[in-house]
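The block underneath contains the structure these notes are about, expressed in structure tokens.
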Amino acid sequence: LKTKMFWLVSFPALSTLFHGILLSSNTFLTHSFSISHAGGTTKSYKNKAILCPISRRDTHRNGNSYRSSVLAASTFTKDEVKEETVDVVVIGSGFGGLSCAALCAKYGLDVVCVEAHDTPGGVAHSFVRYGGKNSKGSGDRKQAFQFDSGPSLISGVSQKGSNPLRQVLDAVGTADEVEWCTYDGWLVHDYADGKSIKLTTGNRGEWEKAIEEKVGKESRMEFERFKEAMLANNGLTEVSGYIPPFALRSDLYALRSMSSYLFKFLSIGLRGALLTGPFTTVMDKYHLHDDFCRKWFDYLAFALSGLDAAHTQAAPVLYTMGDLHKPGTVLDYPMGGMDALINALVKGITNNGGELRLNTRVEKIILGNTTDDTNMCQGVVLQDGSIIKAKKGVVSNAPLWNMAKILEDSLDGKQIDPVVKAVKEIQKKADDMEMTGTFMHLHLGIPIDGMDDNLECHHSMLNMDKDITAEQNLVIVSIPTVFDPSLAPDGYHIVHAYTAASESFDDWEPFLDKGKDEGKVGTSPNTSKAAKYAIEEGYQQLKEQKADALWKALETIIPDIRERSKMPGSVVLVGSPLTHRRYNQRFKGTYGPAPAKGADVWDLPSASTPIKGLFACGDTCFPGIGLPGVAASGTIAANSLVDVDVQLKLMDDLKLKGALQ
């Protein structure tokens, strides 16, 4: 049931386009440099160190500032008790983990979210770097640049609706914490013919006019016919969002939590197969044969999933069409950067009594020898040896490949056969799961003087005559200071460019210890040990070589970008696939899952696992990649940890507020 209902989950869209891309929301990117450390305070309670959130206002210059909620890691002294018990432990503070932890806290559970990094947000975290030099030769703290490391193109979150991430924020009471800038589209630059067109949201016909100007009237008319069929009343786009994640859970009680949506569920009928199949099947059935239009949907699918339309499930693409082309639709950017959105989720945890602990790495999962109704998964062991027991369960926001490695390290020869068998079942799922490519990143802080005042924030550069999945074909660019100048010093822009899930990790793996990725970084990302690869012979040369595609793409928008990057006060940060792996704990730096060999589309595991008491959320489980997708997975995991009546009560509250359809 859970697998076949992938298409029922809301996937409000462009968030994944920028995981650097949507569904994903999935989100992307990270950097090849350490993140600025967050400060915090702790207080003692029953011999435990408890996380206390604090707010920091970091003045950048001339009285302008941005706000960042920061948290300290919990620590123990030698004299303190190193064991505690809570209801739920969430491993990882990506958007899936934060959503799960915030909802668990809202449900009244005693929840602790532990994060190995010194900042929350996973692949979507924000970080600060300083331009210029002070008297000591280091970065001038009056010249602060706040970068988004991941997704920056989002939709459906600025207002109440069907976006799973927005629904989480409404549920935990922090939706109003974020101020939004709304806008109407992004530019697409095609190297094949040298033309640039703007994808404009809404139904005013501007996108259709752009299609006609680029490739002719026939292409426009075919797109319009297809769009009208998809967006029709009770059409596939509407159907793709029928069942909200708040109605789902990973046990048989889902039949009860979904009961109010039963009529909608049954009305879908045979169309369910279209929604769970590849998007190319939908295009074929509805006679979309125009070459440009099919290439366009390859691009959109790749932006959502890191896969072309032939390997991307139809549901998220169809939902995205609604987010782009329904009347009045807009794109959203959070003022203060992604940090503002992350802070809202963190406050959803702490305001409801939960905790987030940074610099807190999980080394092992405690596996009990039990075959009865008690949990086989009983808690976690941290890097410092301290133990957190979990009465209700542990939720892993780590990708399946990483979770399998942690479980492998957790076996000590004392477990009984059913426990070992369950671990091996998860390991097999991880071994069988294919993965998408990885990324190169370029973060810049450059002077504005002399630049175009009408610069667009978001750009995509590609050759539409090439396979969308070709290495380094698609480059995504974000210039968020177009909307929020406070993210950079006066007179500067922030620029983020990245190749979208099209880099091969094979080129980079030899720089790792033992020449391969064994599934776990094993140390804090901000240590010299974690960055050991950076001093290996040939690494810097390869990084420079691979980054050239990003510089060339940026020259399409800002011709003198290389010269500007060398000016006083500028910042240049190049991130490789090893950077992405290091800071995000992503196995082989992957964007996310891909279909198994011989399959057209992915078939992802649910929130429950073969180990009773161990749950999963994030992009390697249902419903998949993207900020909306991972928020949905966190919602389903949290729902699965509480009685169905508690879940239904929260759903009723959201419906009364107009936050749940």
Side-chain angles (χ1 to χ4, degrees), residues 45-51 74 76 80-93 96-97 100-101 103-105 107-116 249-251 354-357 360-398 400 402-427 429-430 520 605-618 621 634 636-643:
Y45 177 68
K46 294 183 180 179
N47 296 319
K48 297 188 295 184
I50 305 298
L51 183 70
S74 73
F76 292 88
E80 288 179 311
V81 176
K82 289 194 173 183
E83 183 173 317
E84 59 184 306
T85 300
V86 298
D87 291 327
V88 178
V89 177
V90 178
I91 304 172
S93 69
C100 180
L103 286 171
C104 283
Y107 281 137
L109 300 178
D110 182 8
V111 59
V112 172
C113 180
V114 292
E115 167 59 50
R249 51 190 295 130
S250 63
D251 55 28
E355 302 174 39
L356 170 64
R357 300 182 184 177
T360 306
R361 176 182 296 281
V362 170
E363 288 299 317
K364 296 181 180 180
I365 292 171
I366 302 171
L367 301 172
N369 287 324
T370 177
T371 57
D372 56 19
D373 287 338
T374 58
N375 283 348
M376 190 182 292
C377 176
Q378 298 176 352
V380 299
V381 179
L382 306 179
Q383 190 173 32
D384 65 357
S386 56
I387 293 171
I388 309 178
K389 294 285 188 68
K391 292 184 288 186
K392 285 189 169 291
V394 172
V395 182
S396 173
N397 186 209
L400 180 60
N402 301 68
M403 182 173 75
K405 178 60 177 175
I406 295 173
L407 286 168
E408 178 185 334
D409 292 346
S410 303
L411 293 175
D412 57 11
K414 299 178 182 179
Q415 286 81 16
I416 59 177
D417 286 346
V419 178
V420 176
K421 181 180 178 181
V423 170
K424 290 189 178 299
E425 187 177 343
I426 292 175
Q427 289 175 320
K429 287 182 179 179
K520 198 164 79 170
S606 69
S608 61
T609 74
I611 298 174
K612 185 175 172 60
L614 178 62
F615 298 84
C617 65
C621 62
I636 297 167
N639 292 345
S640 304
L641 286 159
V642 296
D643 186 87

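None of these values were measured; they are calculated from a predicted model. Side chains included, hydrogens not; waters and symmetry mates left out as well; all remaining heavy atoms used.
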Between Ser410 and Gln415, what is the shortest heavy-atom contact and its length? O-NE2, 3.5 Å
Close side-chain approach of Asn639 to Tyr107, heavy-atom, < 4.5 Å: yes
Spacing of Asn369 atom CG and Gln378 atom CD [to the nearest 0.5 Å]: 8.5 Å
Do other residues, nucleotides or ligands put more than 12 heavy atoms under 6.0 Å from the NZ atom of Lys392? no
CD1 of Ile426 to OG1 of Thr609: how many Å apart, nearest 0.5 Å? 4.0 Å
Measuring from Glu83:CD to Ile388:CD1, what's the distance to the nearest 0.5 Å? 10.5 Å
Just verifying a value: how many Å separate Asp384 CG and Arg361 CZ, rounded to the nearest 0.5 Å? 12.0 Å
Is any side-chain heavy atom of Ile366 closer than 4.5 Å to a side-chain heavy atom of Lys389? yes
Non-hydrogen side-chain atoms of Leu614 and Leu367 separated by less than 4.5 Å: no
Rounding to 0.5 Å, atoms OG (Ser608) and CG (Leu641) come to a distance of 11.0 Å
Closest heavy-atom pair, Gln383 versus Glu363, reported as atoms and distance to 0.1 Å, is CA-CG, 3.4 Å
Is Ser640 reaching over with its side chain to a backbone N or O of Ser250, donor-acceptor style, under 3.5 angstrom? yes
Measure across Asp643 and Arg249 and return the closest heavy-atom pair with its distance rounded to 0.1 Å. C-NH1, 4.1 Å
Atom NZ in Lys82, atom CG in Leu382: separation rounded to 0.5 Å? 10.0 Å
With a 4.5 Å limit on heavy-atom distance, are the side chains of Asn397 and Ser93 in contact? no
Report the C-alpha separation of Cys377 and Ile365 in whole Å, then their side-chain angles, then the decisive distance to 0.1 Å, and conclude whether the side chain to side chain contact (heavy atoms under 4.5 Å, CB included) test is met. CA-CA 7 Å; Cys377 176; Ile365 292 171; 3.5 Å; yes
Specify the closest pair of heavy atoms between Ala105 and Gly354, including all atoms of both residues, with the distance to one decimal. CB-N, 4.0 Å
More than 12 heavy atoms of other residues, nucleotides or ligands under 6.0 Å from CG of Asp417: is that the case? no
If you define the side chain from C-beta out and look only at heavy atoms, does anything of Thr85 sit under 4.5 Å from Asp110? no
Taking side chain as C-beta onward, heavy atoms only, is Leu407 less than 4.5 Å from Gln427? no
Might you point out which heavy atoms bring Gly92 and Cys113 nearest each other, and give the distance in Å? O-SG, 3.3 Å
Distance-minimising heavy-atom pair for Pro610 and Ala422: O-CB, 3.8 Å
